[in-house]
Protein chains: 2
Amino acid sequence: MTHNTTQQSFERSFCPVACALDDLGDKWTLLIIRDLLLGKKRYQEFLASPEHIATNILADRLKKLESAGFVLQQAYQQKPVRYQYVLTQKGKDLRPILQALVKWGKTYYPGSRVLDAVE
Amino acid sequence: MTHNTTQQSFERSFCPVACALDDLGDKWTLLIIRDLLLGKKRYQEFLASPEHIATNILADRLKKLESAGFVLQQAYQQKPVRYQYVLTQKGKDLRPILQALVKWGKTYYPGSRVLDAVE
DNA sequence: AAAATTAACTTGTATAATACAAGTTAATAT
DNA sequence: ATATTAACTTGTATTATACAAGTTAATTTT
């Protein structure tokens, strides 16, 4: 996918920050990435996070993360077929960004803690 | 401001990532921070960015960035009084996050470039 | 065997956010 | 007197989000 997938009538610049925000710029996507980096794989695991993401938002984000190449959907069983999600290299390489965010956040939201530690 | 300023009926976790996304998790805020890190200060400079942010969104984000302690509004002239925006330490400390985002983005959106270089 | 449970979603709907065009205000420049 | 400028604000249509509830296919419990 190229940059800018939204319905805007003109494009943003071809800046790495702008491109990244087109894929990651919302309140939920990076929290799902955080959970994936922490080893979570299944729908119910993401739902069980104390962030309380709505089911439709989770389904939508997983779909977008897959089509943008951040995760792969894998069937972990048949009858009924059920899927789990694993990070691609593109997704795994977001770890330094999350780490920087965690470091910064722990400074400016004193007392905040990553639940299972990405740090 | 504490974490979670939105109208949700319950809170997200007190995770540094969740807290950061409450303030920064949208498609525009980090682009304004990028411009501030590049030395831009005035409303028209932000508008002149090739991202084409809408004027009402820019005004809204500057207001939120100020109330969340990322920027300070300073009058740079009287009659008529006009304001510019400068980063606080909290805002300046986002630089490593932006740098990580730029590094990652240049890898995964090949050809993308920061207009005036935050790198 | 019938009823309940489970995982992974989907659907409906009210509320909030975003995009876009246009308007406002106070002062300086022509 | 008219135009221009900087920094916004307002109106409105479209899109996204939050929340509750429903669906499907299979297994587990009673």
Side-chain angles (χ1 to χ4, degrees), chain A residues 4-13 18 21-32 35-36 40-68 71-86, chain B residues 4-13 18 21-32 35-36 40-68 71-86:
Chain A
N4 201 311
T5 29
T6 66
Q7 293 327 105
Q8 287 172 259
S9 59
F10 51 72
E11 292 196 348
R12 304 213 276 197
S13 81
L21 291 181
D22 279 340
D23 286 333
L24 307 170
D26 68 65
K27 300 221 180 293
W28 291 109
T29 301
L30 283 176
L31 285 172
I32 296 171
D35 281 351
L36 284 159
K40 293 183 186 176
K41 296 181 174 188
R42 297 186 185 177
Y43 201 86
Q44 294 300 322
E45 293 182 278
F46 303 124
L47 276 188
S49 253
E51 317 302 345
H52 303 110
I53 189 171
T55 58
N56 57 340
I57 304 290
L58 175 57
D60 177 76
R61 291 307 184 279
L62 288 172
K63 204 170 294 173
K64 285 178 177 165
L65 282 173
E66 196 194 12
S67 73
V71 302
L72 291 175
Q73 199 184 34
Q74 300 178 331
Y76 69 87
Q77 72 165 44
Q78 301 296 328
K79 301 178 26 184
V81 60
R82 296 225 165 114
Y83 300 100
Q84 64 183 13
Y85 297 87
V86 294
Chain B
N4 202 311
T5 29
T6 66
Q7 293 326 105
Q8 287 172 255
S9 58
F10 51 72
E11 291 196 350
R12 305 213 274 197
S13 80
L21 290 181
D22 280 339
D23 286 333
L24 306 169
D26 68 65
K27 300 221 179 293
W28 291 109
T29 301
L30 283 176
L31 286 172
I32 297 171
D35 281 352
L36 284 158
K40 294 183 186 176
K41 297 182 170 178
R42 298 186 187 178
Y43 201 87
Q44 293 300 321
E45 292 182 278
F46 302 125
L47 277 187
S49 254
E51 318 301 347
H52 303 110
I53 189 172
T55 58
N56 57 339
I57 304 291
L58 176 57
D60 177 76
R61 293 307 184 278
L62 289 172
K63 204 171 292 175
K64 285 178 177 165
L65 281 173
E66 196 194 12
S67 73
V71 302
L72 292 174
Q73 198 185 35
Q74 299 178 331
Y76 69 88
Q77 72 164 46
Q78 301 296 328
K79 300 174 35 180
V81 60
R82 297 226 164 113
Y83 299 100
Q84 63 183 14
Y85 297 87
V86 294

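Reminder, nothing fancy here: chain letters follow the sequence lines and each chain counts from 1.
Qualifying side-chain hydrogen bond (donor to acceptor under 3.5 Å, both in side chains) partners for Tyr83(A), counting only residues two or more places apart in sequence or in other chains: none. Under the rule for a side-chain hydrogen bond (donor to acceptor under 3.5 Å, both in side chains), the partners of Asp26(A) that lie at least two apart in sequence or sit in another chain are Thr29(A), Arg61(A). Glu66(A) meets the side-chain hydrogen bond (donor to acceptor under 3.5 Å, both in side chains) test with no other residue; sequence neighbours excluded. Every side-chain hydrogen bond (donor to acceptor under 3.5 Å, both in side chains) that Gln74(B) has, sequence neighbours left out, goes to Gln84(B). With sequence neighbours excluded, the residues forming a side-chain contact (heavy atoms from CB on, under 4.5 Å) with Ala59(A) are Tyr43(A), listed by chain and number.
Straight-line distance from the CG atom of Asp60(A) to the P atom of dT15(D): 15 Å, rounded to whole Å. Rounded to whole angstrom, the span from the CD1 atom of Ile53(A) across to the P atom of dA16(D) amounts to 16 Å. Nucleotide dT18(C) holds its C1' atom 17 Å from the NE2 atom of His52(B), rounded to whole Å. Following rounding to the nearest Å, Asp26(B) (CG) and dA16(C) (P) show an atom-to-atom distance of 18 Å. Between the CD1 atom of Ile57(B) and the P atom of dT15(D) there is a distance of 15 Å, given to the nearest Å. Computed from coordinates, the Glu51(A) CD to dC19(D) P distance equals 14 Å when rounded to whole Å. As rounded to whole Å, 12 Å separates atom P of dC9(C) from atom CD1 of Ile32(A). Atom pair Leu62(A):CG and dT10(C):P shows a separation of 10 Å (rounding to whole Å applied).
Comparing dC9(C), dT17(D), dT9(D) by their closest approach to the side chain of Arg61(A) singles out dT17(D). Listed candidates were dA7(C), dT17(D), dT9(D). Nearest to the side chain of Tyr76(A) is dA7(C). Of the candidate nucleotides dA8(C), dC8(D), dA7(D), dA7(D) has the atom nearest to the side chain of Arg42(B). Taking the side chain of Tyr85(B) as heavy atoms from C-beta on, and the options dT17(D), dT18(C), dC8(D), the nearest nucleotide is dC8(D). Of the candidate nucleotides dT17(D), dT9(D), dA7(C), dA7(C) has the atom nearest to the side chain of Gln44(A).
Of all non-hydrogen atoms in Glu45(A) and Lys41(A), the two that sit nearest each other are OE1-N, 2.9 Å. Scanning both residues, Ile53(B) and Phe46(B), for their nearest heavy atoms gives CG2-O, 4.2 Å.
Listed pair Lys63(A) / dT10(C) meets the phosphate criterion, a side-chain N or O lying under 4.0 Å from OP1 or OP2. Taking 4.0 angstrom as the limit, Trp28(A) places none of its side-chain polar atoms (N or O) nearer than this to OP1 or OP2 of dA16(D).
Between atom CG of residue Asn56(A) and atom CG of residue Asp60(A) there is a gap of 8.0 Å, rounded to the nearest 0.5 Å.
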In 5'-to-3' order, the base (B), backbone-only (S) or no-contact (-) status of each nucleotide in nucleotides 24-29 of chain D, using a 4.0 angstrom heavy-atom cut-off, is -BSS--
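Among the protein residues, Phe46(A) comes within range of no part of the nucleic acid, since none of its heavy atoms lies under 4.0 Å from any strand. If you check every strand for non-hydrogen atoms under 4.0 Å, Gln84(B) touches nothing. Heavy atoms of Asn56(A) sit under 4.0 angstrom from at least one base atom.
Residues Gly25(A) and Glu45(B) both approach DNA chain D. Their nearest nucleotides, taken by heavy-atom distance, put Glu45(B) toward the 5′ side.
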